[in-house]
Amino acid sequence: MSPLSLFLLAASMVFSLAGASDVVTLTTANFDEQTQASTGDNGSWLVEFYAPWCGHCKRLQPIWEELATETKGAVNVGKVDVTENRDLGTRFDIKGFPTIKFFNGGLVFDYKGSRSVADFKKFATEGYASAEGKRA
């Protein structure tokens with residue numbers, strides 16, 4: 001194989017891996033089907049409600065990606081662009097960005113902790129139990 005062919009092969013592999021994400025993009029059209037928020041029948045979900053222009057949201061993105069990969073199969077991780085899905089922002093009373101909510105067993109919990117993978121994982125596995133949940 002020529003050096004150019006090797007380079008092109010390696011570059012295509014890098015780009016294909018870079019595009020893969022374990023974070024589920026949620027929209028008005030798929031939110032209820034994906035999350036089963038009102039029943040909790042599709043497992044637990046940590047969901048980031050964000051705006052694309054938000055600096056804090058942009059800084060959270062690599063942490064959110066790492067969280068999704070580390071919790072795959074145990075906790076679902078999703079994101080909602082509220083600028084494109086305003087009705088979900090209204091439904092879940094989103095007032096600022098990013099807002100993190102945890103959906104479990106038909107209830108929704110507000111996340112108010114630090115923004116680290118370890119803290120998100122702890123909240124999703126045990127911390128939410130001490131928070132006040134509301135019917136999703």
Side-chain angles (χ1 to χ4, degrees):
M1 217 182 243
S2 73
L4 178 59
S5 296
L6 285 173
F7 172 77
L8 292 174
L9 178 63
S12 69
M13 290 173 66
V14 167
F15 285 117
S16 68
L17 290 174
S21 175
D22 293 318
V23 176
V24 178
T25 299
L26 300 168
T27 65
T28 300
N30 72 2
F31 188 89
D32 288 319
E33 179 184 341
Q34 287 285 320
T35 66
Q36 297 292 307
S38 61
T39 63
D41 289 344
N42 199 15
S44 300
W45 284 81
L46 265 171
V47 178
E48 173 196 13
F49 293 84
Y50 74 99
W53 47 259
C54 166
H56 295 293
C57 302
K58 291 176 184 178
R59 283 191 290 284
L60 182 62
Q61 186 177 358
I63 295 165
W64 209 242
E65 291 289 342
E66 182 180 343
L67 174 69
T69 300
E70 287 190 19
T71 62
K72 191 172 185 174
V75 175
N76 300 295
V77 177
K79 63 182 181 178
V80 174
D81 177 352
V82 178
T83 67
E84 296 288 327
N85 301 278
R86 293 182 193 278
D87 54 331
L88 290 174
T90 300
R91 177 178 170 187
F92 294 110
D93 198 33
I94 306 304
K95 303 286 188 208
F97 303 113
T99 296
I100 309 299
K101 300 219 178 234
F102 180 64
F103 296 85
N104 185 30
L107 299 175
V108 60
F109 301 86
D110 293 330
Y111 180 81
K112 299 181 192 284
S114 298
R115 295 179 182 158
S116 71
V117 171
D119 288 326
F120 286 131
K121 284 169 66 173
K122 184 174 182 178
F123 185 80
T125 56
E126 61 188 58
Y128 74 91
S130 62
E132 181 183 341
K134 297 176 187 166
R135 276 269 152 227

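Since the model is a prediction, treat every value here as computed from it, not as a measurement.
Residues forming a side-chain contact (heavy atoms from CB on, under 4.5 Å) with Ser38 (at least two apart in sequence, or on another chain): none. With sequence neighbours excluded, the residues forming a side-chain contact (heavy atoms from CB on, under 4.5 Å) with Asp22 are Ala68, Thr69, Lys72, listed by chain and number. Applying the side-chain contact (heavy atoms from CB on, under 4.5 Å) test to Asn104 and every residue at least two apart in sequence or in another chain returns Ser44, Phe102, Phe109, Tyr128. Phe97 meets the ring-ring contact (aromatic ring centres under 6.0 Å, His included) test with Trp53; sequence neighbours excluded.
Among residue pairs with one or both ends in residues 63-96, those qualifying as ring pair (Phe, Tyr, Trp, His ring centres under 6.0 Å) are Phe31-Phe92, Phe49-Phe92, Trp64-Phe120, Phe92-Phe103; sequence neighbours excluded.
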- Query: Would Asp110 and Lys101 satisfy side chain to side chain contact (heavy atoms under 4.5 Å, CB included), going step by step from the backbone distance to the final call?
  - Reply: CA-CA 5 Å; Asp110 293 330; Lys101 300 219 178 234; 2.5 Å; yes

- With side-chain hydrogen bond (donor to acceptor under 3.5 Å, both in side chains) as the test, would you mind laying out the steps for Asn85 and Thr28 before giving the verdict? CA-CA 6 Å; Asn85 301 278; Thr28 300; 3.3 Å; yes

- Query: Taking it one step at a time, do Thr99 and Tyr111 satisfy side chain to side chain contact (heavy atoms under 4.5 Å, CB included)?
  - Reply: CA-CA 8 Å; Thr99 296; Tyr111 180 81; over 6 Å; no

- Task: For side-chain hydrogen bond (donor to acceptor under 3.5 Å, both in side chains), just list the numbers for Asp87 and Thr90, CA-CA rounded to whole Å, side-chain angles, deciding distance to a tenth of an Å, and then say yes or no.
- Result: CA-CA 5 Å; Asp87 54 331; Thr90 300; over 6 Å; no

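Ionic pairing of Asp93 and Lys95 is present here: one or more N-O contacts between side-chain nitrogen and carboxylate oxygen are shorter than 4.0 angstrom. A salt bridge links Arg91 to Asp32: one of the charged nitrogens lies within less than 4.0 Å of a carboxylate oxygen.
Through direct or relayed side-chain contacts under 4.5 Å between Ile, Leu, Val, Met, Phe, Trp and Tyr, Tyr50 connects to no other residue.
In this structure, the side chain of Glu126 does not engage the main chain of Phe123 through any donor-acceptor pair within 3.5 Å. In this structure, the side chain of Arg115 does not engage the main chain of Leu60 through any donor-acceptor pair within 3.5 Å. Of the possible polar contacts, one joining the Asn30 side chain to the Thr25 backbone as a donor-acceptor pair under 3.5 Å is found. Looking only at distances, a side-chain donor or acceptor of Asn42 sits under 3.5 Å from a matching main-chain atom of Gln34.
Among all heavy-atom pairs drawn from Val82 and Gly89, the shortest one is CG1-CA, 3.8 Å. For the residue pair Ile63 and Ser116, the shortest heavy atom distance occurs at CG2-C, 4.2 Å. Glu33 approaches Gln36 most closely through the heavy-atom pair O-NE2, 3.1 Å. In plain terms, the two heavy atoms of Pro52 and Thr83 that are nearest each other are CD-OG1, 3.6 Å. When all heavy atoms of Gly106 and Arg135 are compared, the pair lying nearest together is O-NH1, 3.1 Å.
The same ILVMFWY cluster, assembled from side-chain heavy atoms under 4.5 Å apart, contains both Ile100 and Val23. In this structure, Val77 is a member of the same hydrophobic cluster as Leu107, with clusters built from ILVMFWY side-chain heavy atoms closer than 4.5 Å. No single ILVMFWY cluster, assembled from side-chain heavy atoms under 4.5 Å apart, contains both Val24 and Leu46. Residues Val108 and Trp45 share a single hydrophobic cluster, defined by chaining ILVMFWY side chains whose heavy atoms lie under 4.5 Å apart.
Taking CG of Asn76 as the reference point, atom OG1 of Thr35 lies at 9.0 Å (rounded to 0.5 Å).
The side chain to side chain donor-acceptor pair (under 3.5 Å) test with Ser21 singles out one residue from Glu65, Lys79, Gln61, and that residue is Glu65.
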